[in-house]
Student: 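Pasting a structure here, questions to come.
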Amino acid sequence: QVQLVESGGGLVQTGGSLRLSCEASGRTFSSYAMGWFRQAPGKEREFVVGISLDGGRTAFADSVKGRFSISRDNAKNAVYLQMNSPTPEDTAVYFCAASRCRGFDCAPYYSARTLDYTYWGQGTQVPVSS
């Protein structure tokens, strides 16, 4: 089992910046690719960004490329989402997620499918004001 807890959400102005954190406890954090997803009111949950086990590779949704970044600190069991220049279209509840694994075979860090992630945090709300 992996428990994930997001923090850092809150109101941000268009053009501002915000850093979300996700802390993990439980099984070996470095064994999982990690992802950030978001869900806006009335919409389906969508992939934002993913990061590989060692943090060396990342994959972004087109909508956030060049504005958002992701990093992880395996020593601290944490993954971060840096949101720069957000717009009202980025308003959503943001979730971190750990990849689905069967033994050492884990879903890839670039997967945008929610079913490829087994563990989810409770979400943190990010409203972006215009």
Side-chain angles (χ1 to χ4, degrees):
Q1 288 284 339
V2 175
Q3 292 80 42
L4 302 173
V5 179
E6 301 96 338
S7 62
L11 181 65
V12 60
Q13 290 187 337
T14 295
S17 64
L18 194 68
R19 189 194 197 204
L20 305 183
S21 299
C22 173
E23 294 187 2
S25 60
R27 302 176 91 178
T28 307
F29 176 73
S30 60
S31 298
Y32 296 89
M34 297 296 296
W36 284 95
F37 286 72
R38 66 186 181 185
Q39 188 165 16
K43 295 188 177 181
E44 292 189 352
R45 193 168 297 189
E46 65 174 4
F47 175 79
V48 177
V49 60
I51 190 167
S52 60
L53 275 64
D54 63 357
R57 291 164 291 172
T58 56
F60 293 87
D62 288 343
S63 58
V64 304
K65 277 181 183 177
R67 299 187 300 120
F68 290 11
S69 62
I70 186 173
S71 60
R72 68 188 294 166
D73 185 338
N74 287 341
K76 294 183 178 179
N77 284 4
V79 62
Y80 308 99
L81 178 65
Q82 179 67 40
M83 302 172 60
N84 295 329
S85 301
T87 71
E89 288 68 37
D90 296 313
T91 293
V93 177
Y94 284 73
F95 300 87
C96 67
S99 60
R100 173 181 51 82
C101 294
R102 293 195 180 97
F104 294 105
D105 182 18
C106 295
Y109 68 94
Y110 49 81
S111 175
R113 304 189 307 170
T114 56
L115 58 84
D116 277 337
Y117 295 82
T118 300
Y119 302 105
W120 295 82
Q122 82 289 349
T124 186
Q125 199 149 20
V126 179
V128 183
S129 64
S130 57

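Quantities reported herein were computed from a predicted structural model and do not represent experimental measurements.
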Student: Please identify which of these residues, V79, L53, V49, meets the side chain to side chain contact (heavy atoms under 4.5 Å, CB included) condition with M34.
Tutor: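 Of all the options given, the one that passes is V79.
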Student: Main chain of I51, side chain of T58: is a donor-acceptor contact present, judged purely on distance under 3.5 Å?
Tutor: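 Absent.
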Student: If hydrophobic clusters are built from ILVMFWY residues whose side chains come within less than 4.5 Å, do Y80 and V64 share one?
Tutor: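 No, Y80 and V64 fall in different hydrophobic clusters.
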Student: Under 4.5 Å between any side-chain heavy atoms of P88 and T14, yes or no?
Tutor: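 Yes, at least one pair of side-chain atoms sits under 4.5 Å.
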Student: May I ask you to decide if C96's main-chain N or O and E6's side chain share a donor-acceptor pair within less than 3.5 Å?
Tutor: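 Flag set: sc E6 to bb C96 pair under 3.5 Å.
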Student: With clusters defined by side-chain heavy atoms of hydrophobic residues (ILVMFWY) lying less than 4.5 Å apart, directly or transitively, does Y109 cluster with W36?
Tutor: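 As far as the 4.5 Å side-chain criterion goes, Y109 and W36 are not connected within one cluster.
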Student: Assess R72 against F29: is NZ or CZ under 6.0 Å from the centre of the six-membered ring, and within 45 degrees of the ring's axis?
Tutor: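 Yes, a cation-pi geometry holds between R72 and F29.
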Student: Scan side-chain atoms only and decide if S69 and Q82 contain a donor-acceptor pair under the 3.5 Å cut-off.
Tutor: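 The criterion, which ignores hydrogens and geometry beyond distance, is not satisfied for Q82 and S69.
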Student: Does one side chain, of N74 or S30, offer a donor that lies under 3.5 Å from an acceptor on the other?
Tutor: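 N74 vs S30: no donor-acceptor pair found between side chains.
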Student: Inspect the contact between D116 and R113 and indicate whether a charged nitrogen and a carboxylate oxygen are less than 4.0 angstrom apart.
Tutor: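 Looking at R113 and D116, the cut-off is met.
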Student: Does atom CD of E46 have more than 12 heavy-atom neighbours, drawn from other residues, nucleotides or ligands, at distances under 6.0 Å?
Tutor: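 Yes, enclosed.
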Student: At their closest point, which heavy atom of A24 faces which heavy atom of L4, and how far apart are they?
Tutor: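 Looking at all heavy atoms of both residues, the shortest contact is CB-CD2, 3.5 Å.
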Student: Any link between L18 and L81 through a network of hydrophobic side chains (Ile, Leu, Val, Met, Phe, Trp, Tyr) touching at under 4.5 Å?
Tutor: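 In one cluster with L18: L81, yes.
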Student: Treating Ile, Leu, Val, Met, Phe, Trp and Tyr as nodes and any side-chain heavy-atom pair under 4.5 angstrom as an edge, say whether Y117 and Y119 lie in one connected cluster.
Tutor: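 No, because Y117 and Y119 fall into different hydrophobic clusters, even though each may have its own neighbours under 4.5 Å.
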Student: On the ring face of Y110, is R57 found with NZ or CZ under 6.0 Å from the centre and within 45° of the axis?
Tutor: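 No, R57 does not lie over the aromatic ring of Y110.
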Student: Is there a donor-acceptor pair under 3.5 Å between the side chain of S111 and the backbone N or O of P108?
Tutor: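 Looks like no, no N/O pair under 3.5 Å.
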Student: Any non-hydrogen side-chain atom of T114 less than 4.5 Å from a side-chain atom of E44?
Tutor: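 No, too far: nothing below the 4.5 Å cut-off.
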